[in-house]
Amino acid sequence: MSRDHAQSAETPFLELLARGALADAYEQPVLLARAEGGPAERIDALERAKHLALRVRSELEGRRRREAELSALFETAHDLAGLRDLDAVLRAIVQRARSLLGTDVAYLSLNDPERGDTYMRVTEGSVAARFQQLRLGMGEGLGGLVAQTARPYVTDDYFEDARFQHTGTIDAGVRDEGLVAILGVPLMLGHHVIGVLFAADRRARLFEREQIALLGSFAALAAAAIDTANLLAETRSALAGLERANEIIKDRSGVIERASDVHDRLAELVLRGGGVHDVAAAVSQVLDGTVEFTEAAAAPEYALEASRADGHVVRHKDDWIAAVAAGDELFGALVLRGHPGLDPVDQLTLERAAMVTSLLLLLARRSAAEAEQRVRGELLDDLLDARDRDPRLLNDRARRLHADLSAAHVVLVARLDATAADADQEADARRRLWAASSHLAATRHGLAAARDGGTVLLLPLADGDGATDLARRTARHLGRAVHEAVTVGASAPVPDLAARPDAVAAAYTEAGRCLDALRLLGRCGDGAAAEDFGFLGLLLAGDQNVPGFVDRTIGQVVAYDERRGTELVRTLDAYFACGMSPARTKEALHVHVNTVAQRLERVGRLLGEDWQSPDRALEVQLALRLHRLSVPRRH
């Protein structure tokens, strides 16, 4: 293909990318070229350019989404730094959480210590008055479970979930609002839960781990807003009763301005791509000291654990330690050196800087994980098309991903068995399967890629392990991860891929046949290799002439059905399934017994009178099953 052809093929897709067109619009240049009867070379060039443009569009959309999340978090942090109206800040947090998570409703409840219950403080997207005025007893509903355990909880079907206490009042309010799927994360001040931030949909929905983490980040900002508001309230109360209030306010105002300044600097740093050490440098200027980020192993253990436990800075000799953590994961600490005296608001500034640092590390880790998943998928795609690849380059790329192609590997093909209610749910289920497969491949030093409506994995085989055991464990692991049945077909072990990477493509075909065999045998949600199917496995695993065997054995019956539109093949399937009993066969087919007899007589004329002898009957049954396997797979 000439360079001019390639450039002309790319032009319409570059225009579509430039104006941000929908994905469906990328089919139009190809369809138009075909309608105009363009040359095959140009149509092929357009197809390749279309796929490349869609990949670029997907990458851009992912970056826009991550930028939107980061921007919203730091806009909220900026609002907190200049806090004037607590209700306005909380409304902004709830609105941004609802927008970024794409839910129907978002709301925030706060605990009322005097009445011993919890009440709705802010709602966004709610339409039911009774829901907006709900007061919940402590320990009741999903919010009560979050408050009791101080951990996020999610339900994809509220009324069918028995993990938390249902009450008539709460259920009535939720039913009025029409909510089905609910995610709740705690608002924490130290060890204490002061409320819950919720995101909810009016339809069944599975919230992803990244969405739970994002809502948790907003909850942390909401708790910080409430904490800051409480500090301001204490300050105003002190003004009314103390003669020295003016001096206290002036002093505190200067510190708060420094806190506001550091929040502005942090937001600016992150939005322009700054790193952890840039954050430490900005805080150093505000606190007039030296602030460093230290790995967990290099920080004082007792002070680090104490800071992590209560969420506040801890003094260690002349230093101050602020743990940088997210959930159960400890990244390290921000250490303020040689500063024995520290104002409470300066302490709060250091704590907030540690929280922003943890957000930076989480976002960086997520971006790195996504990049590694993409690279692993691209390498496996290239191995599946290894005829046009240099084995040395493939091996070098594998080593950089800590994958050893010289070890024995097994190719596994995994697919979901449940049929989704609509296209969005199906796409969501496939994304969950892809995420679980990628994680499994990364932890096992293997590779994973999305292909043919499912995923394909290339995993190393441990000593003493077999392809069948690996397939079954993979089916169970992926099924638990996505909460749906996953069927896995495996190839026989393939040794030394470093020398013969082209073997991956043949192993993938073999694994796909095993997957189809499992489905035809009704073993959905299971895993197996070719060795599990006996003689059928021998035909599945290699380059056997399966079509020739089928054609020799039942080809005349299949051809007769195709010419006449009859159902001889279906009748044979039912006849053998019913123990070769015409009476039971007619019940299974819902036809008269004479119809069954006439069809079997026709089969006898096509196959020969001895077709029901034991040897011939076995061959016919095997050919019938292989004929079913030969039907193209549906995804």
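Small disclaimer: the values here were computed from a predicted structure and weren't measured.
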(request) Would you give the length of the straight line joining atom CG of L179 to atom CG of D104, rounded to the nearest 0.5 angstrom? (result) 8.0 Å
(message) Please find the pair of heavy atoms, one from P300 and one from I321, that lie closest to each other, and give the distance.
(response) CD-CD1, 4.2 Å
Could you pull out every donor-acceptor pair under 3.5 Å between side chains of residues 188-197 and any protein atom, sequence neighbours left out?
from, atom 1, to, atom 2, distance (Å)
H191, ND1, A309, O, 3.2
H191, NE2, A309, O, 3.0

(request) Using a 4.5 Å cut-off on heavy atoms from C-beta on, say whether the side chain of R444 contacts that of H439. (result) no
(message) As an exercise, state the distance from OH of Y119 to CG of L108, rounded to the nearest 0.5 Å.
(response) 9.0 Å
(request) May I ask you to test the T167-D171 pair for a side-chain heavy-atom distance under 4.5 Å? (result) no
(message) Would you say that L412 contacts T455 through its side chain, given a criterion of any heavy-atom pair below 4.5 Å between the two side chains?
(response) no
(message) Which heavy atom of L304 sits nearest to which heavy atom of A333, and what is that distance?
(response) CD1-CB, 3.6 Å
(request) Give the minimum heavy-atom separation between A222 and L187, together with the two atoms involved. (result) CB-CD2, 3.9 Å
(message) Set out, in order, the CA-CA distance, both residues' side-chain angles and the distance that settles side-chain contact (heavy atoms from CB on, under 4.5 Å) for V174 and F159, then state yes or no.
(response) CA-CA 9 Å; V174 174; F159 291 101; 3.9 Å; yes
(message) With a 3.5 Å distance limit and no angle check, can you tell me whether E160 reaches the backbone of D157 through a side-chain donor-acceptor pair?
(response) no
(message) Would you say that T487 contacts D526 through its side chain, given a criterion of any heavy-atom pair below 4.5 Å between the two side chains?
(response) no
(request) Measure the shortest side-chain to side-chain distance between V291 and R337 over non-hydrogen atoms and say whether it is less than 4.5 angstrom. (result) no
(message) With side chain to side chain donor-acceptor pair (under 3.5 Å) as the rule and sequence neighbours excluded, what pairs involving residues 135-146 come up?
(response) D112-R135, D117-R135
(request) Just jot down the ring-ring contact (aromatic ring centres under 6.0 Å, His included) partners of Y107, sequence neighbours excluded, or say none. (result) F131, F198
(message) Give me the atom names and distance for the closest heavy-atom approach of V482 to A436.
(response) CG1-CB, 4.2 Å
(request) Grab the two heavy atoms, one from T103 and one from A200, that are nearest each other, plus how far apart they are. (result) CB-O, 3.3 Å
(message) Can you tell me how far apart CD1 (I212) and CG (L214) are? Round to the nearest 0.5 Å.
(response) 11.0 Å
(message) Walk me through whether V105 and T123 qualify under side-chain contact (heavy atoms from CB on, under 4.5 Å).
(response) CA-CA 8 Å; V105 182; T123 65; 5.7 Å; no
(message) I'd like to know if the side chain of E292 and the backbone of L336 have a donor-acceptor N/O pair within less than 3.5 Å.
(response) no
(message) Using modelled atom types and a 3.5 Å cut-off, is there a donor and acceptor pairing between side-chain atoms of R151 and backbone atoms of V146?
(response) no
(message) To the closest 0.5 Å, what do you measure between CG (L142) and CD (Q165)?
(response) 12.5 Å
(request) State, with a plain yes or no, whether a side-chain heavy atom of R415 is found less than 4.5 Å away from one of V486. (result) no
(message) If the condition is side-chain contact (heavy atoms from CB on, under 4.5 Å), which residues does S307 pass it with, not counting sequence neighbours?
(response) V314, A323
(request) Could I get the full list of side-chain contact (heavy atoms from CB on, under 4.5 Å) partners for D156, not counting sequence neighbours? (result) L206
(request) Keeping to residues at least two apart or across chains, list the salt bridge (Lys or Arg N to Asp or Glu O under 4.0 Å) pairs with something in residues 182-197. (result) none
(request) Can you sort out the partners of R163 under salt bridge (Lys or Arg N to Asp or Glu O under 4.0 Å), two or more places apart, ordered by chain and number? (result) D161
(message) I'd like to check R315 versus V313 (side-chain heavy atoms, cut-off strictly below 4.5 Å). Are they in contact?
(response) no
(message) Between S217 (side chain only) and A213 (backbone N and O only), is there a donor and an acceptor less than 3.5 Å apart?
(response) yes
(message) Quick check for you: to the nearest 0.5 Å, what is the distance between L433 atom CG and S438 atom OG?
(response) 9.0 Å
(message) Taking the basic N atoms (NZ, or NE/NH1/NH2) and the acidic carboxylate oxygens, is any pair closer than 4.0 Å for E484 and R432?
(response) yes
(request) Would you name the heavy atoms of L457 and S437 that are closest together and state the gap between them? (result) CD2-O, 3.7 Å
(message) Can you list everything that forms a salt bridge (Lys or Arg N to Asp or Glu O under 4.0 Å) with D87? Sequence neighbours excluded, please.
(response) R121
(request) Under the side-chain contact (heavy atoms from CB on, under 4.5 Å) rule, collect the residues that match up with A485, sequence neighbours excluded. (result) D417
(message) Applying side chain to side chain donor-acceptor pair (under 3.5 Å) to Q132 and S126, what does each step give before you reach the verdict?
(response) CA-CA 7 Å; Q132 297 168 11; S126 171; 3.1 Å; yes
(request) Run the numbers on F207 and Y153 for ring-ring contact (aromatic ring centres under 6.0 Å, His included), then give the verdict. (result) CA-CA 10 Å; F207 289 93; Y153 271 87; over 10 Å; no
(message) Checking R202 now: which residues fulfil salt bridge (Lys or Arg N to Asp or Glu O under 4.0 Å) with it, not counting sequence neighbours?
(response) E177
(message) Which residues pass the salt bridge (Lys or Arg N to Asp or Glu O under 4.0 Å) test with R175, not counting sequence neighbours?
(response) none
(request) Give, for atom CG of L221 and atom CD1 of I226, the distance between the pair rounded to the nearest 0.5 Å. (result) 11.5 Å
(request) Using a 4.5 Å cut-off on heavy atoms from C-beta on, say whether the side chain of E124 contacts that of V94. (result) yes
(request) For L136, enumerate each residue passing the side-chain contact (heavy atoms from CB on, under 4.5 Å) test, keeping only those at least two apart in sequence or located in another chain. (result) T118, L134, I170
